[in-house]
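Proteins get letters first, then strands, A, B, ... in listed order; numbering begins at 1 in each.
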Amino acid sequence: DAGITQSPRHKVTETGTPVTLRCHQTENHRYMYWYRQDPGHGLRLIHYSYGVKDTDKGEVSDGYSVSRSKTEDFLLTLESATSSQTSVYFCAMGPANYNEQFFGPGTRLTVL
Amino acid sequence: ELKVEQNPLFLSMQEGKNYTIYCNYSTTSDRLYWYRQDPGKSLESLFVLLSNGAVKQEGRLMASLDTKARLSTLHITAAVHDLSATYFCAVDLYGGYQKVTFGTGTKLQVIP
């Protein structure tokens, strides 16, 4: 969706290194979310934010932290990347007109 | 803990045929969403179902919600190749924050 972008789109890193993924929206939505998508698991919520500096954990938050210092930016940090964090990461924003979420294009992260 | 199960996980069907994808969830909720994901792409919203008995239709797809049975269905009528994608249902248990739980997805392959 044009109103939400993610960077980088692809990243390869080594075990033990810190990684930060960025999500940027231009729609002024209050809520933002980070998910990871893995085969056989659908999408699983990592963290979400309900306002600037207001964040909470999702179901798979271990090993991840987030920050939201501005409405438009939601950062996901892997403090020390592990191979189990190899995944596709999606950012989303909401609520839209009917409470649905709009998703970003995704970031493919590979941890070697 | 909310569980959301979809079946089948994989569906291969011929063009022109009808079929139904099922989404069962474990905890009472009256908010359910359907998303579509094309290979290598992001998720896009298809339907938002916000009450018991809700029915939404778009082209060859029709979604319905039975909150008493904790079941939603996505019916495909006279399938065409362009409908090939992975379909996810997602249940919103907490209302205000749209903190949804996704099913594992149904990969639909429509064969010409």
Between A:D62 and A:K57, does any side-chain N to carboxylate O distance fall below 4.0 Å? no
Quick one: what part of B:F47 sits under 4.5 Å from any heavy atom of chain A, side chain, backbone, both or neither? neither
Do A:D73 and A:R68 sit within salt-bridge range, that is, some charged N less than 4.0 Å from a carboxylate O? no
Lys/Arg N to Asp/Glu carboxylate O, B:E5 vs B:K3, below 4.0 Å: no
In terms of heavy-atom proximity below 4.5 Å to chain B, should A:L45 be classed as side chain, backbone, both, or neither? side chain
Side chain, backbone, both or neither: which part of B:Q37 has a non-hydrogen atom closer than 4.5 Å to chain A? side chain
Using only heavy-atom distances, determine whether the side chains of A:S49 and A:T55 contain a donor-acceptor pair under 3.5 Å. no
